[in-house]
Number of protein chains: 2
Amino acid sequence: MLQPGPPKFQRRKDDRPGEIVAAALAVFSEKGFAGAKLDEIARRAGVSKGALYLYFETKEELFHAVVKSAIAPNIAMVRQRLESFPGPFGGLLELFLPTIAGVMATSAVAPIGKMVIGEGRNFPELARYWHDELVAPMIGLVSGMIAAAQARGEVRAGDPRLYAAQIMAPFLMAVLWRETFVPVGAEPFDINQLAAQHLGVLKAGMLTGASS
Amino acid sequence: MLQPGPPKFQRRKDDRPGEIVAAALAVFSEKGFAGAKLDEIARRAGVSKGALYLYFETKEELFHAVVKSAIAPNIAMVRQRLESFPGPFGGLLELFLPTIAGVMATSAVAPIGKMVIGEGRNFPELARYWHDELVAPMIGLVSGMIAAAQARGEVRAGDPRLYAAQIMAPFLMAVLWRETFVPVGAEPFDINQLAAQHLGVLKAGMLTGASS
DNA sequence: CTTTAATAACTGACCAGTCAGTTATTAAAT
DNA sequence: ATTTAATAACTGACTGGTCAGTTATTAAAG
């Protein structure tokens, strides 16, 4: 018993939170909040369950950390890309729709969003956080750009907030479809193809002749 | 203690299943599958928990019964209303969108659908059932009508299935919004107003000049 | 009297959260 | 350099509570 062998664990205080959040993201995405077991999150993060509680006080606080980590990188990118666009509304749509399609197809927004929808009733603070930090700003941003375009005569009369919902809705549907029905055999939607066709409908359906 | 008083319970074998399913629908809608407690379902149905097991073998079978009860009345009604419509596609949209809006606003499709989305990963048979019995037929029905309208030259070129998704998506979004974000203070969408504006965009964005 | 719908107390599994003890790491003392 | 003391990251067995499902018993109904 003189050979030291591999150490049972390392002390890596700085790295643990990120690793735990990443493992939690994966498990929450697969199982939802209630279905996610802390033992499994700990196992995937390579620590014991007890270690989770050194960094997060409760399961719900861990859930919060996951949601925040999924939101932060994306919201800022989209906002900045939209606000810096100088051209007419038709061109903005041509930029915006593929951007949204890309975020939906690749980021953690989709599975975490589904989780919020599924468990929001049981964890209202989560739904509130998701709404206040991600959804409402995004709807507000798009609504504002539509209202401005209407003032320039580029977009037809109509409620800007409803227009914003119409623009976003097919992407929400495609993501939920992928998360919910594709695993049980449904044919997926090609999100980029959807974005292209949606762009066609919106340009013909929303724009006046005054836009390019 | 000789007074008989009211009986402790009645034996109503024929009525129990419907009452239990109704109570289960309410509790599942509020809490989701994992969050719904059988004790609460039994209490609301006016029976003991043991009585549930006289009519349903497991919680999941009860969930199945709830899903079926929410689907059956609606799918048939919508299908029949659509298939009996004789006019051009523009007129069909004028009929279809308010119909969908009504179903979404009033029926149990919305909360149960949200439940399926939220818990589908953990209960794949449920997601499969919902897809096969409700969603796929509806998408197929709408897609077929779009393809027929394209053959008549009334609708522009494009994938009929994607068009169907574009038509349905805002209603899905409005319902999820109501279920998820309105309870935490978000401004609701007026689903009828959304239907009206959506109709305008679709008519201008999908139809050719050949339709009325 | 027999049948069976219905009850209510019960069981066993599961799991979030706890805590007493262990081990890696750092640093002070020799 | 080497030993020793102090610190804190980490572990894993444990607990208290919850809940789906079971069963012994009661009572309604013919």
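A, B, ... follow the sequence lines: proteins, then strands. Residue 1 opens every chain.
If you measure from atom CZ of Phe33(A) to atom C1' of dC15(C), you get 12 Å, rounded to the nearest angstrom. Atom CG of Leu52(A) and atom P of dA9(D) are 15 Å apart (whole Å). As a whole-Å value, the separation of Lys59(A) NZ from dC15(C) P is 9 Å. Between the CZ atom of Phe123(B) and the P atom of dA20(D) there is a distance of 11 Å, given to the nearest Å. Atom CZ in Phe28(A) sits roughly 9 Å away from atom P in dA16(C) (whole-Å rounding). Regarding Leu54(A), its CG atom lies at a distance of 18 Å from the P atom of dT7(D), rounded to whole Å. Across the protein-nucleic acid pair, Asp39(A) atom CG and dT11(D) atom C1' stand 12 Å apart, rounded to whole Å. Between the CG atom of Asp14(A) and the C1' atom of dT25(C) there is a distance of 14 Å, rounded to whole Å.
DNA chain D is contacted by both Tyr55(A) and Ala36(B); Tyr55(A) maps to the nucleotide lying nearer its 5′ end (nearest heavy atom per residue).
Annotation: cation-pi geometry satisfied between Arg161(B) and Phe189(A) (NZ/CZ under 6.0 angstrom from ring centroid, within 45° of ring axis).
If you check distances only, the side chain of Lys49(A) never reaches the base of dG12(D) with a donor-acceptor pair under 3.5 Å. The base of dA8(D) is not paired with the side chain of Lys13(A) by any donor and acceptor separated by under 3.5 Å.
Nearest to the side chain of Ser48(B), among dA16(C), dT7(C), dT11(D), sits dT7(C). In this structure, of dT25(C), dG21(D), dG17(C), it is dT25(C) that holds the atom nearest to the side chain of Gln10(A). Distances from the side chain of Ala51(B) to the nucleotides dC10(D), dT7(C), dA20(D) place dT7(C) closest. Residue Lys37(A) places its side chain closer to dC15(C) than to any other of dC15(C), dT11(D), dT7(C).
Each of Ile100(A), Val142(A), Leu162(A), Leu199(A) was evaluated against Ile167(A); a single residue qualifies, Val142(A), per the side-chain contact (heavy atoms from CB on, under 4.5 Å) test.
Base pairing of dT23(D): its partner is dA8(C), meeting the Watson-Crick or G-U wobble criterion (both donor-acceptor distances under 3.5 Å).
A salt bridge is absent between Glu133(A) and Lys68(A); no separation between the charged side-chain nitrogens and carboxylate oxygens falls under 4.0 Å.
When the side-chain nitrogen and oxygen atoms of Arg16(A) are compared with OP1 and OP2 of dC10(D), one or more of them lie within a distance under 4.0 Å.
Checked against a 6.0 Å centroid threshold, the rings of His131(A) and Trp177(B) count as neighbours.
Atom CD of Glu83(A) sits in a crowded spot, with more than 12 heavy atoms from other residues, nucleotides or ligands closer than 6.0 Å.
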